[in-house]
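These notes concern the structure reproduced below.
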Amino acid sequence: MAEKIKDPICKMEIDTTKAIKLTQDSLTYYFCSENCKQKFLKRSSTEKSVTIESNGRYTCPMHPEIEQNKPGDCPKCGMHLESKITSAGEEDSKEARILARKFWVGLMLTLPVFFLALGGMIPVLNLKAFISSNLSRWLQFILATPVVFWAGNIFFVKAWKSVLNKSLNMFTLIAMGVGAAYGFSAIAILFPNILPESLKQHGEIGLYFEAAAVITVLVLLGQLLEAKARARTGQAIKALLGMAAKVAHRIQDSKEEDAAIDQIKKGDLLRVRPGEKVPLDGIVTEGKSTIDESMISGEPVPVAKSKGDRVIGATVNQTGAFVMRAEKIGPETILSQIVKMVADAQRSRAPIQKLADQVSGYFVPAVLGCAVIAFIIWYIFGPPPVLAYALVSAISVLIIACPCALGLATPMSIMVGVGKGAQSGILIKSAEAIEKCERITHVLTDKTGTLTAGKPQVTATITANGWDEKSLLSIAASIEQSSEHPLARCVVDYVKEKGYGLSSANNFQSVTGGGVKGKVNGKTVLLGKQKFIEDNGISLPEELKKNSGELQEKAGTVAWVAVDGQIAGILGISDPIKKTTPGVISILHKMGLKVVMLTGDNEKTAKAIAKELGITDVYAGLEPKDKQEIVKNLRREGAKVMVAGDGINDAPALAEADVGVAMGTGTDVAIESAGITLLKDDLNGIVKALRLSRGVMRNIRQNLFFAFIYNALGIPIAAGILYPFLGLLLSPMIAGAAMSFSSVSVIGNSLRLRNIKL
């Protein structure tokens with residue numbers, strides 16, 4: 001069977017029956033020409049194919065065992081299948097555009113149907129003065145028909161598939177209810193004489209076109225919001241890919257030329273200048289510099305690099321130029337591995353609609369059974385005309401069971417809850433985050449920028465005999481103002497904030513990995529690590545050595561200052577804990593949650609911070625893949641994991657977690673990978689998010705109760721159980737009223753979330 005699909009190279013739509021086919025790594029690709037096929041193979045040979053969109057396998061997030069080689073719907077739950085290729089995002093965007101068009105057209109047609117149906121009940125409108133009852137009924141029929149059969153056709157298709165696959169779901173229930181409401185109304189318009197006279201009020205039979213149209217539009221809205229949420233998950237991948245360098249300065253035959261990254265081969269020599277991104281993973285062969293590797297380690301202090309040291313692609317070169325040899329390209333690079341980890345983790349999530357599908361799985365057959373039984377009993381034992389009474393009874397059962405409120409139960413709570421969260425500085429990306437947040441058992445948090453401020457500061461000043469704080473800081477900042485090292489800048493900034501004066505430095509020298517030296521006001525000044533000072537033949541007082549050890553135990557970096565061969569004092573530089581962090585950790589413990597620290601920093605520093613905060617579980621020296629693996633292991637053991645972070649290095653763990661929480665001051669990649677973003681730069685938002693999720697999920701369960709209780713209680717009455725005793729038969733109009741009342745209850749209950757205390 002012919003199918004239109006896009007060429008992964010030129011993006012042209014092609015007919016699969018006429019296209020050139022290629023199977024590679026168990027995936028099938030289609031090309032419009034041999035030229036496109038060769039381009040694809042060439043890019044694959046440079047190990048770039050992992051980022052090329054293919055026509056490969058599509059899977060259901062809720063049922064990962066479902067796989068096929070083309071987009072479509074899951075045969076079990078009816079959910080749109082997602083591509084397993086990392087760069088795929090066009091299908092989700094296309095689906096969102098289609099649903100948006102159906103929703104808006106359906107809404108515009110539904111509004112007049114709604115007002116025509118209720119015109120007689122709203123005195124202000126008084127539509128009967130302008131439109132006759134007969135014309136109004138025909139207008140409702142004409143306007144509702146395209147809503148049901150064009151805008152809502154996807155629900156009937158999914159419902160039919162659910163029947164064929166013997167996997168009844170929410171779409172079965174929706175199609176059944178919409179079909180019953182529309183079908184009964186259409187019969188009442190086209191063939192009114194076949195229905196019993198007892199159903200007529202004021203000579204007319206009640207219509208339910210507005211119910212059929214409103215249900216269709218509401219469910220379309222829910223599907224549209226879900227499609228947009230899925231399309232947004234691809235933004236994390238785009239943000240990550242945007243971090244990579246696009247061009248490298250390749251050195252060949254003593255000449256330097258610019259080359260695209262996908263043209264670089266292993267072993268190529270590349271020059272990296274100050275301020276540029278490192279193009280690929282490799283080894284420094286010439287020169288030295290400091291590199292900001294916070295995207296990998298999460299730590300704010302740049303790392304010194306010289307000949308023989310490894311460098312990582314997409315990190316930022318800062319102070320010097322160097323030459324590197326490319327060692328890893330394409331999917332081998334750490335950035336590509338992070339891309340793949342994020343994509344794999346994002347696909348593993350199940351939608352909140354699973355709860356509605358579980359309910360529908362039992363409710364649908366029960367309702368169908370009641371309708372069939374009612375029809376049979378009325379057909380055998382009912383008064384004449386038996387067929388009419390049997391049909392009306394069965395339709396009344398289907399209408400009263402119609403899930404109008406079910407279409408509102410989840411979206412209403414989510415919309416109100418998301419709005420409440422936004423007012424409190426909590427941006428929630430998807431309904432899944434709210435659902436999973438409620439069941440969290442473990443909170444895993446990064447250290448730098450999450451628990452701490454993420455900005456090194458001077459936190460301690462200890463002077464030697466004969467020196468005061470002002471003199472020590474002034475001379476230290478004077479020599480440091482010539483250095484480009486971040487720790488030097490934090491010393492200078494601190495002294496300027498204090499209002500202390502600075503002097504100019506002469507004969508300045510920077511010793512990589514050691515410290516700096518020069519002359520200030522004619523005095524020789526050395527500032528740096530303890531070993532750097534000792535190597536210059538300066539003895540260290542035992543008391544200051546003891547103080548230095550204490551500062552290091554408190555997660556501090558110690559800078560020694562010597563003037564004219566004598567120690568002047570030491571500076572303690574550290575990343576301070578945010579003021580709000582201790583209180584938040586305490587509250588999380590009281591909520592019964594296990595708090596775990598994950599960091600790329602050294603173990604000594606990490607444990608010092610953890611001890612101060614009362615965190616017992618600490619993992620230090622971690623790479624991005626290590627953080628993700630810890631999250632995977634905890635989830636395998638049954639834990640429900642929330643991860644809080646702010647850097648690219650946190651992205652895989654954020655995506656792998658049940659719920660990822662990104663700090664609003666963090667990187668775009670972290671924010672896109674997370675389900676929740678905190679606008680304020682502290683962890684109080686986590687506590688608020690947990691409270692909000694619990695309130696929203698409790699509200700959703702209440703809504704589901706309201707969505708079904710009136711309908712479920714009315715089903716036996718609609719089936720005619722009271723007729724033999726009281727002569728009472730529930731008409732479709734009363735059934736419709738019960739259905740509407742459940743919707744009013746759902747809306748009112750959802751609005752209560754606006755007053756929830758966080």
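Below, each value reflects all heavy atoms present in this structure, side chains not excepted, and no hydrogens, waters or symmetry copies. This is a predicted model, so every value here is computed, not measured.
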With Thr441 via side-chain contact (heavy atoms from CB on, under 4.5 Å) - residues at least two apart = Ala639, Lys640

With no hydrogens and no angle check, do the side chains of Asn703 and Ser413 hold a donor and an acceptor under 3.5 Å apart?
-> yes

By side-chain contact (heavy atoms from CB on, under 4.5 Å) - contacts of Ser693 (at least two apart) | Ile434, Cys437, Glu438

Quick one: salt bridge (charged side-chain N to carboxylate O under 4.0 Å, His left out) partners of Lys102, sequence neighbours excluded?
-> none

Could I get the full list of salt bridge (charged side-chain N to carboxylate O under 4.0 Å, His left out) partners for Glu629, not counting sequence neighbours?
-> Arg636

What residues, two or more places apart in sequence or in another chain, satisfy side-chain hydrogen bond (donor to acceptor under 3.5 Å, both in side chains) together with Thr459?
-> Ser574

Residues at least two apart in sequence or cross-chain that pass salt bridge (charged side-chain N to carboxylate O under 4.0 Å, His left out) with Asp493, listed by chain then number, are none

With Asp281, which residues qualify under side-chain contact (heavy atoms from CB on, under 4.5 Å), at least two apart?
-> Ile312, Lys328, Thr333, Ile334

Anything under 3.5 Å between a donor and an acceptor, one on a side chain of residues 751-758, the other on a protein residue two or more places apart or in another chain? List them.
residue : atom : partner : partner atom : Å
Arg752  : NE   : Asn749  : OD1          : 3.0
Arg752  : NH2  : Gln702  : OE1          : 3.0
Arg752  : NH2  : Asn749  : OD1          : 3.0
Arg754  : NE   : Leu751  : O            : 3.3

Test side-chain contact (heavy atoms from CB on, under 4.5 Å) applied to Glu276 - qualifying residues, sequence neighbours left out = His249, Val272, Arg273

The reported gap from NZ in Lys420 to CD1 in Ile426 (rounded to nearest 0.5 angstrom) is 10.0 Å

Under the side chain to side chain contact (heavy atoms under 4.5 Å, CB included) rule, what do Leu588 and Leu683 come out as? Steps first, then yes or no, please.
-> CA-CA 10 Å; Leu588 292 175; Leu683 293 180; over 6 Å; no

Validation row: His442, Glu637 side chains within 4.5 angstrom (heavy atoms) | no

Sorted by chain and number, sequence neighbours left out, side-chain hydrogen bond (donor to acceptor under 3.5 Å, both in side chains) with Lys632 holds for none

Could you tell me the separation between the NZ atom of Lys578 and the CG atom of Leu613, rounded to the nearest 0.5 Å?
-> 12.0 Å

Among Val596, Asp617, Val661, find the one that has a side-chain contact (heavy atoms from CB on, under 4.5 Å) with Leu444.
-> Val596

Who passes salt bridge (charged side-chain N to carboxylate O under 4.0 Å, His left out) against Lys611, sequence neighbours left out?
-> none

Ignoring hydrogens and angles, tell me if any N or O in the side chain of Asp658 forms a donor-acceptor pair with the backbone of Val641 under 3.5 Å.
-> yes

